[in-house]
Structure formats: structure tokens, C-alpha cells
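See below for the structure under consideration.
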There are 2 protein chains.
Amino acid sequence: MRNRSVTYSSEATFQALADPTRRAVLDLLRRGSLPAGEIAGAFSVSRPAISKHLRLLRRAHLVREHREGRNRVYQLNPEPLRAVDSWLDQYRNFWRMNLTSLKTFVEAEHAKETHAAKLNRKTSKGDL
Amino acid sequence: MRNRSVTYSSEATFQALADPTRRAVLDLLRRGSLPAGEIAGAFSVSRPAISKHLRLLRRAHLVREHREGRNRVYQLNPEPLRAVDSWLDQYRNFWRMNLTSLKTFVEAEHAKETHAAKLNRKTSKGDL
DNA sequence: TCGTCGCGTAACTGTAGGGTTACGCATTAT
DNA sequence: ATAATGCGTAACCCTACAGTTACGCGACGA
């Protein structure tokens with residue numbers, strides 16, 4: 001396995017993405033780097049709360065921080081998202097090919113609930 | 001609000017994906033539907049723990065459950081993952097650019113921003 | 001009709017996490 | 001030097017949740 005670059009734990013990445021505020025921070029940083037204060041200003045929660053979110057994002061390597069005077073400028077690092085992307089990739093085929101079979105499944109479900117006889121070939125009881 | 005098809009809250013989806021066990025359950029179900037017991041058998045945690053994970057996955061509509069006799073068969077539903085995919089899509093352009101040009105781009109963006117005069121030419125970039 | 005099986009749920013525990021306010025430490029301004 | 005600014009951290013809430021064991025209930029096989 002050629003790990004040419006840093007291997008990020010997709011664990012930390014998924015966990016960082018779990019919170020909507022953190023995803024919003026990332027979305028914000030897509031438009032450009034920002035100092036922590038301005039990031040915090042974009043949200044209704046307190047500044048320390050954002051500071052903790054930024055710490056998590058740092059831990060997941062989704063952002064980078066560097067100092068500019070007394071500012072702490074945060075920059076997006078989308079690299080770890082590749083792991084999410086490749087995890088997702090295993091499912092892409094699914095929602096491409098699976099729509100018809102999903103449809104039949106749903107119809108089968110419906111049929112089963114209406115007739116309720118399909119699975120009960122072994123028993124004559126067949127009722128709920 | 002246009003609900004063309006069922007609208008899944010990506011919130012629930014991201015949150016469901018945050019747990020590695022749940023992701024593993026999904027990975028398992030990619031190979032085919034399974035009754036709850038067999039899913040639980042694939043993990044070291046207790047069966048009720050898996051049951052609760054399944055509940056969360058159901059809540060996020062990532063799995064569907066139907067009864068077969070006394071079994072509860074779970075089936076993967078990859079649909080909500082589309083939301084994750086499209087969220088991720090906004091970042092794909094980013095990791096297509098190489099990182100150095102990204103860095104300069106982002107910093108240029110930032111320099112254009114509001115209080116640029118305040119932070120200005122200290123050029124503390126690059127150190128640290 | 002019974003006992004067993006499959007599986008969800010209740011009740012409980014420990015811990016992580018997101019929110020707050022108070023504070024400390026650099027860095028810049030006066 | 002002193003004050004003010006920017007921001008992280010500590011200490012503290014409260015809720016969510018992953019895990020456990022004990023239990024209940026419908027579905028089967030006898």
C-alpha cells in the first residue's frame with residue numbers, strides 16, 4: 001500500500017463531520033481562510049464553542065491554523081475528505097444499479113403486507 | 001419545499017455515519033440483507049447494542065427492516081448517502097487543485113477580505 | 001399448549017460532547 | 001508600561017449515546 005501522503009484516520013473525519021456546526025464551518029472556509037473570530041461571528045453560539053469545534057477540526061486535519069499577528073487564521077484542508085469519498089464510492093454503484101431492485105423490494109413489501117400469505121407457506125396460521 | 005422524492009435529513013445521516021460500528025454494519029449489508037442476529041454475530045458487542053445501532057440506522061433511513069417469521073431482516077438503503085455525496089461534491093474541486101495553488105488561492109482570497117488592511121503585510125505566512 | 005428462539009426495549013452506567021462563563025496569555029495599540 | 005484585543009483553555013452544566021443485563025413478546029417446533 002503506497003501511502004504517499006499522510007494517512008488520516010477516517011474515523012476522526014467522520015466524527016468531525018457529524019456535527020452540523022462543524023460542517024458549516026467547513027462550508028464557510030471553502031470561500032477562503034478566516035480568523036477564528038470571524039468564523040465565530042458567523043454563528044449564533046459563543047466563541048469558545050467555535051474554538052472547540054475548531055480544535056476537533058484540527059484534530060481531524062480538516063483545517064489548518066497559522067498565526068497572523070494576534071489572529072489565528074484557519075484554512076480548509078479537504079484532504080481527509082477523500083477517505084469519506086472513497087468510502088462512499090463503494091455505495092455509489094448501489095444507488096446507481098439498485099433503484100429498480102429497490103423498487104421491486106418495496107413493492108414486494110407492500111404486497112406482503114396486503115396479502116400476508118407470501119411468507120407463510122409453511123404454516124396455515126398466516127395471520128397477525 | 002419541494003419534496004420530489006423522500007427528503008432525508010442529511011443531519012441524521014451524518015450522525016449515523018459517525019459511529020464506526022454503524023458504518024461496518026452498512027458495509028456488511030452491502031453484501032446482502034441479513035437478519036439482526038447475524039448482524040450482531042459479526043461484532044464483538046452485545047446483541048442489544050447492535051439493536052440500538054440498527055434503530056439509529058433505521059431512523060436515518062439507511063436500512064429497512066421487514067419481518068420474516070421471527071427474524072427481522074435488514075436491508076441496506078443507500079439513498080440517504082446521496083446527500084453526503086452531494087455535500088462532498090462541493091469539495092471535490094478543492095482536492096483536484098494541487099495543494100500549493102490552493103494555498104495561494106485561499107490566501108489571496110483572504111487578503112481581499114474585509115479587514116485586510118489591519119492584518120496586512122506582516123507576511124507571517126509560511127513560518128511555523 | 002409449552003418451551004425455545006429471535007429480537008426489540010427498559011433501566012442503568014460511564015463517558016464523550018456541545019453549550020456556557022471565567023480566565024490566562026500573547027500581541028498590538030496608546 | 002498599561003490597556004485593549006483575539007483566542008484558546010479550564011471548569012462546569014446537561015444531554016446524547018454506546019455499552020451492559022434483565023425482561024417481554026411474537027413466532028415456531030414439539
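This structure is a prediction, so every number in the text was calculated from the model and none was measured. Chain A is the first sequence line, chain B the second, and so forth, proteins listed ahead of strands; every chain is numbered from 1.
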Sorted by chain and number, sequence neighbours left out, side-chain contact (heavy atoms from CB on, under 4.5 Å) with A:A60 holds for A:A12, A:A16, A:L62
Reading nucleotides 20-27 of chain C from 5' to 3' and marking B where a protein heavy atom lies under 4.0 Å of the base, S where only the sugar-phosphate is that close, and - otherwise, the string is BBB----B
With sequence neighbours left out, the residues meeting side chain to side chain donor-acceptor pair (under 3.5 Å) with A:R59 are A:Q15
Here the distance between atom C1' of C:dT9 and atom CZ of B:R55, to the nearest Å, is 7 Å
With sequence neighbours left out, the residues meeting salt bridge (Lys or Arg N to Asp or Glu O under 4.0 Å) with A:R22 are none
- Query: Is A:R64 salt-bridged to A:E79, cutoff N-O under 4.0 Å?
  - Reply: no
Are A:Y74 and D:dG6 close enough that a side-chain N or O sits under 4.0 Å from OP1 or OP2? no
Residue set satisfying side chain to side chain donor-acceptor pair (under 3.5 Å) with B:R58, at least two apart, ordered chain then number -> B:Y74
With sequence neighbours left out, the residues meeting salt bridge (Lys or Arg N to Asp or Glu O under 4.0 Å) with B:D85 are A:R92, B:R92
Q. If you look at every strand shown and take non-hydrogen atoms under 4.0 Å, does A:F43 touch a base, only sugar-phosphate, or nothing?
A. nothing
For residues 27-39 of chain B, please give each side-chain donor-acceptor pair under 3.5 Å, one per line with the distance, not counting sequence neighbours.
from	atom 1	to	atom 2	distance (Å)
B:D27	OD1	A:W87	NE1	3.4
B:D27	OD1	A:Y91	OH	2.6

Sorted by chain and residue number, the side-chain contact (heavy atoms from CB on, under 4.5 Å) partners of A:A18 (sequence neighbours excluded) come out as B:A18
Each nucleotide N or O in nucleotides 15-17 of chain D that has a protein N or O under 3.5 Å away: list the pair and distance.
from	atom 1	to	atom 2	distance (Å)
D:dC17	OP1	B:Q15	NE2	2.2

